Structure formats: C-alpha cells, structure tokens
Number of protein chains: 4
Amino acid sequence: METQTLQEKREETLRRILEAATEIFAEDGFAGARVDKIASRARVNKATIYYHIGDKEALYARVLHDVFSGAARRISENMHQAQDPVEKLRTYVRNMAQTVGRHPHVPPIIMRELASGARNIPEVVANDLARILGMLDEILREGAAQGLFIEANPLIIHIMVVGSIISVKNINSIKTRHPDFPEFFKRMAIDDAGDLAEQVERIILTGVKKQG
Amino acid sequence: METQTLQEKREETLRRILEAATEIFAEDGFAGARVDKIASRARVNKATIYYHIGDKEALYARVLHDVFSGAARRISENMHQAQDPVEKLRTYVRNMAQTVGRHPHVPPIIMRELASGARNIPEVVANDLARILGMLDEILREGAAQGLFIEANPLIIHIMVVGSIISVKNINSIKTRHPDFPEFFKRMAIDDAGDLAEQVERIILTGVKKQG
Amino acid sequence: METQTLQEKREETLRRILEAATEIFAEDGFAGARVDKIASRARVNKATIYYHIGDKEALYARVLHDVFSGAARRISENMHQAQDPVEKLRTYVRNMAQTVGRHPHVPPIIMRELASGARNIPEVVANDLARILGMLDEILREGAAQGLFIEANPLIIHIMVVGSIISVKNINSIKTRHPDFPEFFKRMAIDDAGDLAEQVERIILTGVKKQG
Amino acid sequence: METQTLQEKREETLRRILEAATEIFAEDGFAGARVDKIASRARVNKATIYYHIGDKEALYARVLHDVFSGAARRISENMHQAQDPVEKLRTYVRNMAQTVGRHPHVPPIIMRELASGARNIPEVVANDLARILGMLDEILREGAAQGLFIEANPLIIHIMVVGSIISVKNINSIKTRHPDFPEFFKRMAIDDAGDLAEQVERIILTGVKKQG
DNA sequence: GATGAATGAGGGTTCATTCAT
DNA sequence: TATGAATGAACCCTCATTCAT
C-alpha cells in the first residue's frame with residue numbers, strides 16, 4: 001500500500017473526475033451528460049465533484065480548458081522544428097491528426113461546440129482556440145507572402161483537417177454500433193490512422209498550393 | 001377568413017410542429033431540446049405532438065429524415081446537368097453550400113450526429129446519408145477512373161466541404177454572441193456566402209486533382 | 001360518484017395544495033417546510049404543485065396572500081357595525097381573536113415573518129398587512145381625536161393583541177408536546193378561548209384609554 | 001503579538017462559534033441556518049464546530065441556553081431594587097426592553113420558538129424561560145393580592161411587552177429592506193428606543209391596574 | 001486542537017409522457 | 001382533432017456529518 005500525502009490524494013481525485021468528465025462530455029454532450037454518471041465513472045461521490053470543482057457548467061469549462069490548452073501546447077511545441085511554410089503546414093496537419101488520434105475525446109467536444117455556435121464556451125477556452133488558429137493563420141500568411149499558398153481562411157483549413165479526421169474516426173465507430181447500416185459505410189472506413197492523415201495532408205497541401 | 005378542410009388543418013399543424021422541432025433540435029441538440037419549447041414555438045399543446053407524431057425520439061427521427069431526404073433530393077436533381085467529373089464535383093460542392101445556406105438547421109444537426117457517432121440515427125436516415133455520400137463516391141470514382149482525381153475517401157471530401165462551410169457560418173454567429181472574444185475571430189469571419197463557397201471549391205478541386 | 005367539470009377538478013386540486021401548504025408552512029416555517037411533505041399531504045404529485053403554482057417561493061407567497069387577504073376582509077366586514085372608537089377597538093380585538101382562533105395557521109406564519117424581519121414578504125402581502133393595520137390606525141386616531149385614547153402606535157397594539165393570543169395558544173400545544181416541562185407552564189395555559197379574548201380586550205382597552 | 005494559553009485559544013474559538021451561531025440562528029431560524037455559514041462567519045473550519053460542540057441541534061440548544069440564561073440573570077439582578085409591585089412591573093418592562101435592545105438576536109429566536117410551539121426547546125432552556133416568566137408571575141400575583149392589579153396571565157403580559165418591542169424594531173428593518181413598501185409602514189416606525197419602551201410601559205401598567 | 005477531503009441522504013425542480021375529456 | 005391536468009422518474013445541487021491526518 002503506497003502512502004499518499006493529502007496533496008497527492010487531492011490531485012488524484014481531481015484527475016479522476018476530470019478524466020471521467022472529459023469522456024462523458026465527449027460521449028453525451030453537455031446537455032446529455034449526467035453528473036451521476038461522471039461521478040460513478042470517476043469512482044467518487046457526486047458531492048465530491050461539487051466540493052472540488054463546482055457545478056456542471058464549471059466542470060465543463062474546466063474540461064474544455066484542459067483539453068484545448070493541452071492541444072495548443074502540443075502543437076506550438078512541435079511547430080518550432082519546421083522551417084518553410086509548406087513544412088510547417090505539414091507539421092500542423094500531422095500534429096492535429098496525432099492530437100485527435102491520441103485524445104479521442106477532443107473532437108466530439110469541438111464539433112458539438114461548433115454546432116451550437118460555441119454558446120457555452122468560456123473566455124479562457126476561446127483564448128486557447130485563438131492560440132491554435134493563430135498559429136495556422138501565421139503559417140498561411142507566411143506561405144502566401146512567399147507566393148507559395150493561395151489566400152485561404154485558416155478556419156476553413158483547420159476544419160478541413162480536424163473535421164475530416166474526426167468524421168472518419170467516427171464512421172468507424174458507427175460501423176460497430178450499426179452493423180445493419182448500408183454496406184456502403186463500411187467501404188468508407190479507413191482503419192489505418194496513418195493512411196488517413198496522409199490523405200488529408202495530401203489534399204490540403206495541394207489544395208492551398210499556388211498553381212504554377 | 002380562409003376556410004380550411006380538416007385535412008389541411010391537420011397538415012398545417014404537423015408542418016408547424018416539424019418546423020419548430022427542426023429549429024430547436026438544431027439549436028439545442030437532441031438531449032438539450034425540450035418538448036415544451038418545441039410545442040410552444042409551434043403554438044400547439046404538448047400532447048398534440050404525441051398525438052400526431054409520437055415520442056421525442058420519433059419526432060427527432062422524423063425531423064432528421066425530412067432534413068436529409070430533402071438535401072439528398074436537391075443534390076441529385078442538380079447533379080444531372082453536369083457532364084464531366086470535375087464539373088460534377090463542382091456542382092456537388094456548390095449544392096452543398098447552397099443547401100447549408102438555405103437550410104441553416106441542417107449543419108448543426110449533422111455535426112452533432114457525427115460527434116455522437118450517429119448514436120441516434122435511425123435506419124431511414126442512414127439511407128439518406130448513404131444516398132448523398134454515394135453520389136459523391138460515384139463522382140470521385142469516375143474522376144479517378146479517368147485519371148483526373150487522386151483516390152480520395154468521399155467522407156473526407158464531404159466533411160471538408162460541409163464542415164468548413166458550417167464552421168465559418170458558425171464563427172459569424174459566435175462574433176455576435178461574444179463581442180468580447182479575441183479580435184482574432186473577427187478577422188476570420190467571411191460574410192459573403194459566395195466567397196466562402198468559392199474558397200472551398202477552389203481548395204477541394206485543386207486538392208483532389210491529379211498533378212500533371 | 002359525483003361528476004366534476006375540469007374547472008372544478010382544477011379548483012379542488014388547487015385548494016388541496018394550498019390547504020396542505022398553509023398547514024405545513026405554519027408548522028415548519030418556510031425553510032423547514034418540505035415540498036414533498038406538502039405534496040403528500042395534499043395527495044398530489046410533487047410536480048402538480050409546480051404545474052399549478054410554481055416554485056416553493058411562489059407557493060409561499062400565494063399562501064401568505066390567501067391568509068392575509070382573508071383576514072383583512074373578515075375584519076373590514078365586521079368593522080362597519082361598530083359606532084364609537086371604543087366599540088370599534090373592541091370589535092377589532094374580538095375579530096382578531098376570532099380570526100386567530102378559527103385559522104390557527106395564521107399566527108405562526110405571522111410570527112415567523114416578524115422574526116425574520118419580513119424578509120420573504122412579497123408586495124401583495126405587504127399591502128394586505130397595511131390594510132389591516134390601517135384600519136386599526138384609523139380607530140386609534142379617531143379615538144385620540146375625540147379625547148378618548150392616548151396616542152398609541154397601532155403596531156404596538158396590534159402585536160399586543162395578536163401576539164398574546166397566539167402565544168397562549170402555543171403554550172397550550174407546548175403542554176401536550178412536553179409533558180415533562182416545568183409544571184409552571186401548565187398553570188399558564190388558558191384553555192377557554194373566550195376567557196383569553198376577554199383578558200386581552202380588558203387590558204388593551206384600559207391601557208389605551210385616557211385617564212380622567 | 002499577544003501570547004495565548006491553549007485554554008484561552010480554545011475559549012476564544014468557542015466564543016466565536018457561539019457568537020456566529022447566535023447571529024445566524026436569529027437571522028435564519030434553525031431550519032434555515034447553515035452550518036457552513038456559521039463556520040465561515042466564525043472563521044473556523046466546519047469540523048471544528050463538531051469537535052467543540054456537536055451537531056447542529058446541540059449547537060442550537062447551547063445558543064438558546066446562553067441567550068436565555070443571560071436574559072434571566074439580567075432581569076433577576078435588576079428586580080431587587082424595586083419595592084412595590086407597580087415599581088417592580090415597571091422594572092420588568094424596562095429591563096425587557098433593554099435586554100431586547102442590547103441583544104437583538106434574542107427576540108427573533110424567541111418568536112420562532114413560540115411559532116413552532118417550542119418544538120426544539122430543550123429542557124434546560126424551558127427552565128430558563130420558566131424562571132423569567134416566574135418572576136413576572138410573582139409580581140402580578142403580589143399586585144393582585146394587594147388589590148392593585150387585575151388577575152392577568154403573565155404570558156399575556158410578557159408577550160405584550162416583548163412582542164410589541166421586537167415587532168416595532170423589526171418594522172424599522174423592513175423599512176430599509178423594502179423601500180417600496182406602502183408608505184404607511186414608515187409612519188409606524190418608532191426610531192427612539194426610549195419612546196418605544198415608554199409607550200409599552202404606559203399601556204401595560206394602565207392596562208393591568210385595577211380601576212378605582 | 002483543528003482541518004481538508006469526502007460522502008449519504010435528501011431537497012427543489014424539470015421533463016417526457018399519459019390520459020380523460 | 002386537440003388539450004389541460006397530472007405524474008414518475010430523474011436530474012442537479014446542497015447540507016449535515018464523519019474521518020484521516
């Protein structure tokens with residue numbers, strides 16, 4: 001039996017809560033999520049959530065912030081290695097694919113927020129988003145300035161990258177959920193994450209490149 | 001005072017219910033939607049919804065089916081005019097943009113469904129979706145067969161089109177909702193729907209084209 | 001089996017709810033009252049209360065208003081028969097005693113409101129109270145103008161009347177609740193409501209009378 | 001920095017808890033009081049209350065006892081100076097007015113206890129009350145025996161004194177809380193505590209005096 | 001002596017749904 | 001056809017209380 005300081009115990013509890021909350025908000029959305037379910041998945045009493053974090057909205061904000069600031073950090077760290085805009089854009093796409101791959105709860109949350117017009121997004125999280133899109137914006141501007149890229153709205157590009165990756169991943173999960181669905185959907189699945197990232201990368205990089 | 005047959009009155013009531021339901025499912029998602037709110041926006045008694053359509057799930061299925069079958073029909077109608085794959089793909093993109101523009105409730109509903117792994121999608125609706133994606137699939141295969149396009153997963157393309165258009169539209173609504181959000185978001189908005197469609201069209205068409 | 005119109009059924013339900021609520025707010029106070037308990041005593045589902053009336057606060061306001069406006073009406077009706085100020089004051093005291101006697105839930109509610117500085121009193125109810133005290137004020141002014149009464153604050157008089165009657169009544173209930181309480185309390189009880197009203201009447205009328 | 005023995009520190013903590021509890025029970029009643037609120041006003045941890053005193057009920061009993069035994073002591077000390085029953089009664093009234101004036105938390109607590117039929121009163125406290133009322137009882141009996149007073153129930157007299165003073169004081173606080181309340185209430189306020197005590201004294205002394 | 005963490009048991013409120021009319 | 005009334009089952013949240021430290 002490992003001994004734990006009070007501080008450690010607290011952090012462990014908090015971690016379990018946030019982990020469970022992230023999963024469940026991703027699965028069910030804010031409105032569909034049940035605090036009871038979060039508590040039981042985190043193996044804590046419901047009241048513990050209120051004790052440590054606050055109400056459902058505060059919990060959601062906290063989850064969003066953790067998720068988005070993490071994504072922002074990961075991308076900015078990887079960006080420095082790339083040199084020219086093309087390479088940077090490639091890095092951006094690959095990192096996004098990786099982030100989405102490793103943190104499968106991020107995409108559904110983003111998509112729902114986009115669907116609802118980001119109605120529930122607190123300012124902290126908006127800043128995280130701005131940071132991510134800002135990096136992409138810079139890459140695109142640099143590329144355009146060097147005559148390499150066409151003028152492209154970074155939001156369009158971002159969504160093309162993230163949305164398509166997410167969606168394909170989701171189609172895979174649909175397959176398992178609805179085995180009776182049109183056979184068609186099965187053909188559409190791409191099981192290899194590498195293949196998926198490559199296809200997206202290829203389309204985006206070609207799509208924004210200025211034609212000779 | 002217009003005279004209305006019973007049949008007409010019934011249809012009018014049904015129409016009002018479905019219209020209201022579509023709006024509210026789009027705004028709030030399935031879990032967030034309130035039957036009360038739908039009833040009051042449709043100016044009918046709550047029980048009337050149950051009388052005419054059934055429970056919340058049935059209402060949702062009905063809305064989805066109306067929304068998706070409409071979209072499928074519109075696209076397939078317009079597809080016939082185009083000849084070669086490039087022109088057909090262009091038509092597909094433009095029609096999607098138009099559909100999204102004219103039926104603003106469609107996108108949020110789709111996005112949420114994708115986010116949840118299409119958990120609530122009934123089979124009828126899955127077939128609608130398959131029909132839409134099937135058309136795109138055909139275009140892409142035809143183009144690839146003629147050596148015009150690279151091999152591309154239709155789902156990726158579809159999401160790149162629909163997702164980016166929706167998202168940009170949503171960003172616009174975020175602007176009005178959060179005037180205190182990073183100034184950055186404002187620069188990202190594209191107010192002219194035509195411009196938006198053009199950018200997307202340009203990127204996609206170039207992106208899938210086989211390089212000389 | 002009596003047939004009931006919908007209107008009648010509604011009124012019957014409402015009556016049962018308000019009756020139960022009045023009793024329970026009187027017994028337990030606002031904070032101590034449980035909506036569950038009110039619902040079960042009224043033999044309705046908890047949600048029915050919310051359907052007909054609204055939340056706990058609205059229910060409380062409604063109860064207070066019913067109770068106080070009833071008291072105000074009864075007093076003003078009886079006041080007309082009396083002629084001179086002395087007779088009017090006597091009527092006031094007797095009517096108060098009667099009201100308190102017949103509506104045993106009124107006193108505890110008033111006392112608690114006074115104890116809390118009328119923190120929860122909605123404006124409608126304040127008007128009821130003003131109406132009651134206004135009548136007493138008039139009597140006292142008239143008596144003073146005719147040289148019959150000393151100048152006396154109506155609130156003081158009112159509380160002397162109502163407070164003492166209530167308290168004695170409550171002492172009686174303490175007797176039953178705490179048979180082990182000092183024997184002293186038993187001597188203090190006045191079981192005959194008539195005797196009680198008479199004692200109070202005698203003290204007040206003498207107390208405010210101008211000495212020869 | 002003052003040095004404090006452990007004993008002193010303990011007493012200081014206890015004092016702070018009881019002070020805070022008295023205030024909050026007076027403001028919110030037993031059911032409305034929150035242990036959290038008491039703890040934070042006392043600037044101690046919630047668990048400290050349990051450590052030093054026990055559960056909420058024990059805390060309430062302790063507060064009541066402190067409050068009532070204090071009142072009883074103060075009155076009995078002052079009573080010895082008066083000689084004849086009239087003077088003694090006058091002393092009683094004045095002392096009550098003073099007690100209420102200096103210990104504003106006492107009245108609300110008493111009123112609520114009366115309103116609830118003294119449901120929560122522990123025996124210790126009942127004895128305090130009996131002691132207070134016993135003194136008044138004695139005065140009244142003595143006066144009646146000497147042919148000075150009518151036969152009067154001490155509880156009636158006591159409430160007339162305490163209730164009216166409390167209520168007028170409370171009306172003052174209503175004024176500040178509800179500036180939009182009927183102008184009528186403002187006229188009813190008596191700001192000078194001396195005036196108030198005098199009016200009450202005058203009415204009671206005259207009221208119980210045997211007429212020539 | 002004192003406290004931060006944690007919780008069981010409710011408390012008020014909402015909501016999808018049913019049913020008699 | 002349409003609806004007002006009513007409800008069971010949650011749902012979010014709070015609160016008094018305990019316990020390890």
Side-chain angles (χ1 to χ4, degrees), chain A residues 3-7 9-14 17 31-39 43-52 54-59, chain B residues 6-7 9-10 12-14 17 31-39 44-52 54-59, chain C residues 3-7 9-14 17 31-39 43-52 54-59, chain D residues 6-7 9-14 17 31-39 43-52 54-59:
Chain A
T3 52
Q4 256 183 331
T5 68
L6 210 67
Q7 162 98 359
K9 232 185 113 194
R10 180 200 173 89
E11 274 163 16
E12 154 77 8
T13 301
L14 244 162
I17 292 173
R34 300 293 162 235
V35 178
D36 265 308
K37 200 174 162 189
I38 293 172
R43 276 164 297 124
V44 298
N45 185 281
K46 220 191 330 181
T48 306
I49 295 175
Y50 290 87
Y51 175 71
H52 281 291
D55 68 10
K56 196 182 169 186
E57 228 163 302
L59 180 58
Chain B
L6 235 81
Q7 162 90 0
K9 229 184 114 193
R10 182 197 173 86
E12 155 76 8
T13 301
L14 235 161
I17 292 172
R34 300 289 164 242
V35 177
D36 267 304
K37 200 175 164 189
I38 293 172
V44 299
N45 185 281
K46 217 188 337 179
T48 306
I49 293 175
Y50 288 84
Y51 176 71
H52 279 289
D55 70 10
K56 196 181 168 185
E57 226 160 306
L59 178 58
Chain C
T3 53
Q4 256 184 332
T5 67
L6 210 69
Q7 161 99 0
K9 232 185 112 193
R10 180 199 173 88
E11 275 164 14
E12 154 77 9
T13 302
L14 243 162
I17 292 173
R34 299 293 162 238
V35 177
D36 266 308
K37 199 174 163 190
I38 293 173
R43 277 164 297 125
V44 297
N45 185 282
K46 222 191 330 180
T48 305
I49 294 175
Y50 288 85
Y51 175 70
H52 281 291
D55 67 10
K56 196 182 170 186
E57 227 163 303
L59 179 58
Chain D
L6 235 82
Q7 162 89 358
K9 227 185 117 195
R10 182 198 172 86
E11 272 164 16
E12 154 76 8
T13 300
L14 235 161
I17 291 173
R34 300 291 163 241
V35 177
D36 267 305
K37 200 174 164 190
I38 293 172
R43 278 164 295 125
V44 298
N45 184 282
K46 219 190 335 181
T48 306
I49 293 176
Y50 287 84
Y51 176 72
H52 278 290
D55 68 11
K56 197 181 167 186
E57 226 161 307
L59 180 57

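Letters A, B, ... are given to chains in the order of the sequence lines, protein chains preceding strands, and every chain is numbered from 1. Please read all numbers here as calculations on a predicted model, not as lab measurements.
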For this session: First locate atom CD1 of D:Ile49, then atom OG1 of D:Thr13, and finally report the distance between them rounded to the nearest 0.5 Å.
Result: 11.0 Å

Problem set entry | Protein-nucleotide distance (B:Arg10, atom CZ; F:dA2, atom P), rounded to Å | 8 Å

Exercise. Between E:dA2 atom C1' and D:Glu11 atom CD, what is the distance in whole Å?
Worked result: 17 Å

Exercise. Taking only N and O in the side chain of C:Thr13, is any of them less than 4.0 Å away from OP1 or OP2 of F:dA6?
Worked result: yes

Exercise. Is there a side-chain polar atom (N or O) of A:Tyr51 under 4.0 Å from OP1 or OP2 of E:dA5?
Worked result: yes

Problem set entry | Below 4.0 Å: OP1/OP2 of F:dA2 and any side-chain N or O of B:His52 | yes

Exercise. How long is the line joining CZ of D:Arg43 and P of E:dT3, in whole Å?
Worked result: 12 Å

Seminar exercise, completed: Contacts of D:Asp36 meeting side chain to side chain contact (heavy atoms under 4.5 Å, CB included) (sequence neighbours excluded), chain-then-number -> D:Lys46

Problem set entry | A:Glu11: partners by side chain to side chain donor-acceptor pair (under 3.5 Å), with sequence neighbours left out | A:Gln7

Seminar exercise, completed: Residues passing the side chain to side chain donor-acceptor pair (under 3.5 Å) test with D:Lys37, sequence neighbours excluded, are D:Asp28

For this session: Let me have a per-nucleotide readout for nucleotides 14-21 of chain F, 5' to 3', with B, S or -, counting only protein heavy atoms under 4.0 Å.
Result: BBBBBB--

Exercise. So what is the 5' to 3' dot-bracket string for DNA chain F, if pairs are Watson-Crick or G-U wobble with both distances under 3.5 Å, crossing pairs use [ ] and | means the partner sits on another strand?
Worked result: .||||||||||||||||||||

Exercise. With side chains defined as the heavy atoms from C-beta onward, is the minimum distance between B:Val35 and B:Tyr50 less than 4.5 Å?
Worked result: yes

Problem set entry | Residues that A:Glu12 engages under salt bridge (Lys or Arg N to Asp or Glu O under 4.0 Å), provided they are two or more places apart | A:Arg15, A:Arg16

Exercise. For B:Arg10, which residues count as a side chain to side chain contact (heavy atoms under 4.5 Å, CB included) partner, sequence neighbours excluded?
Worked result: B:His52

Exercise. Between F:dC12 atom P and A:Ile38 atom CD1, what is the distance in whole Å?
Worked result: 8 Å

